[in-house]
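See below for the structure under consideration.
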Amino acid sequence: MAELSVPTIESFTVTLIVRRFDPENDTEPKWEDFDVEMYGTDRVLDALHKIKWEQDGSLTFRRSCAHGVCGSDAMRINGRNRLACKTLIKDLDISKPIYVEPIKGLPVEKDLIVDMTPFYKAYLEINPFLVATDKPKKERLQSPEDRARYDDTTKCILCAACTSSCPVFWTDGQYFGPAAIVNAHRFIFDSRDENAELRLDILNDKEGVWRCRTTFNCTEACPRGIEVTKAIAEVKQAILRGRA
Amino acid sequence: MAIKPAGTLYRGKVGMWSWVLHRISGVGIFFFLLVHVLDTALVRVSPEAYNIVIESYKTPVVGLAELGLVGAILFHGLNGLRVIAIDFWSKGTKYQSVMFWVVITVTVVAVAGFTPMHLARVFGH
């Protein structure tokens with residue numbers, strides 16, 4: 001019988017430098033490096049899994065779906081906010097170590113896990129639900145044009161990559177932040193919703209949309225490709241007009 | 001391997017750096033205006049003292065600082081127009097990066113045109 005030639009899949013070794021913090025033993029975070037063998041199809045999340053499963057079980061990070069839908073694993077990869085599950089290692093510069101840190105501006109609880117409470121609190125404050133008093137027999141109709149107005153902002157998965165990339169949010173934790181404004185935008189420009197005025201009023205605050213300094217870090221960080229800064233600019237315009 | 005003790009610097013793109021430059025140039029211009037208002041106000045107090053102060057500015061160091069001042073004001077003013085466009089022009093957010101490079105180009109060209117003229121004046125006598 002002819003010999004079967006089994007093609008070998010090329011692998012490479014990459015160094016990950018992870019910013020770690022153990023609240024029980026550390027007073028401040030420290031860097032720790034790990035070498036892992038990876039394949040071209042592996043993502044940063046796979047590398048973190050490999051470290052946790054094979055090298056150091058105490059490494060702590062969040063992840064649920066691992067496919068860019070749940071928004072649990074936003075972290076700072078080589079200085080930029082990314083989802084670990086959507087970042088292929090081969091797309092990064094693997095000749096250098098890969099730096100992985102928790103997202104900025106929220107209190108670190110352990111390793112890559114931050115306390116998301118302030119983030120969710122800002123989200124809740126903008127009333128992220130449909131307010132409609134009419135009682136139609138079937139569904140509420142909407143034209144494709146009206147639907148298109150807020151299409152972009154329906155894509156948010158609340159991963160906090162945008163809010164924690166914002167220099168204003170880093171220094172002023174009271175700022176609503178891009179994610180809350182994006183989700184307000186989703187209802188403000190929804191023709192079926194009746195509470196746009198209230199939401200515009202909430203965001204016309206000292207800590208509301210006017211805190212935005214248009215650095216575009218949020219737009220660049222969004223793993224769903226939402227044009228966050230544009231959405232914020234549209235809310236600013238709506239406040240100036242006094243209506244959506 | 002040298003392990004950095006602090007976290008890494010956020011690697012934002014031109015939007016972030018234009019904001020940083022805008023702030024730095026703004027603070028610089030503020031301090032210039034503060035000194036400028038004070039020295040000009042001095043003329044009401046004592047014209048002789050005013051003359052002494054203005055004469056003391058005629059050094060190469062101040063001459064070079066003036067070059068920086070022209071650059072800072074040009075950048076701050078032009079980038080201010082860019083920020084206004086981002087806020088009020090519907091396509092502003094789309095072209096923010098292009099507009100940033102336009103601002104930088106105009107600033108560099110204008111400063112480059114001004115520099116020989118200015119330096120000839122500073123070092124000419």
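In the text below, chain A, chain B and the rest are named by the order of the sequence lines, each starting its count at 1. Computed from a predicted structure; not experimentally measured.
Across all non-hydrogen atoms, the minimal contact from A/Asn217 to B/Met16 is ND2-SD, 3.1 Å.
Contact residues of residues 147-159 of chain A toward chain B are absent (heavy-atom distance under 4.5 Å). Contacts from residues 87-101 of chain B to chain A, taken as heavy-atom pairs separated by less than 4.5 Å, involve B/Asp87, B/Phe88, B/Thr93, B/Gln96 in sequence order. For residues 107-117 of chain B, an interface with chain A (any heavy-atom pair closer than 4.5 Å) does not exist. Residue-level contacts of residues 17-29 of chain B with chain A, in order of numbering, are B/Trp19, B/Arg23; threshold 4.5 Å between heavy atoms.
Heavy atoms of A/Lys230 lying under 4.5 Å from chain B belong to its backbone as well as its side chain. The part of A/Leu240 that comes within reach of chain B is its side chain, from C-beta onward, which places non-hydrogen atoms under 4.5 angstrom from that chain. Using a 4.5 Å cut-off between heavy atoms, A/Ser165 contacts chain B through both its backbone and its side chain.
Heavy-atom contacts from other residues, nucleotides or ligands closer than 6.0 Å to CZ of A/Arg241 number more than 12. Few gaps surround CD on A/Gln237; more than 12 heavy atoms of other groups in view lie less than 6.0 Å from it.
In terms of modelled atom types and a separation under 3.5 Å, the side chain of A/Arg76 and the main chain of B/Thr8 share a donor-acceptor contact.
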Applying side-chain contact (heavy atoms from CB on, under 4.5 Å) to B/Lys13 and A/Arg80, what does each step give before you reach the verdict?
CA-CA 10 Å; B/Lys13 293 190 174 168; A/Arg80 286 179 179 142; 4.0 Å; yes
Q.
What verdict does the side-chain contact (heavy atoms from CB on, under 4.5 Å) test give for A/Asn81 and B/Tyr10, after you've listed the backbone C-alpha separation in whole Å, the side-chain angles of each residue and the deciding distance to 0.1 Å?
A. CA-CA 9 Å; A/Asn81 283 1; B/Tyr10 195 88; 3.4 Å; yes
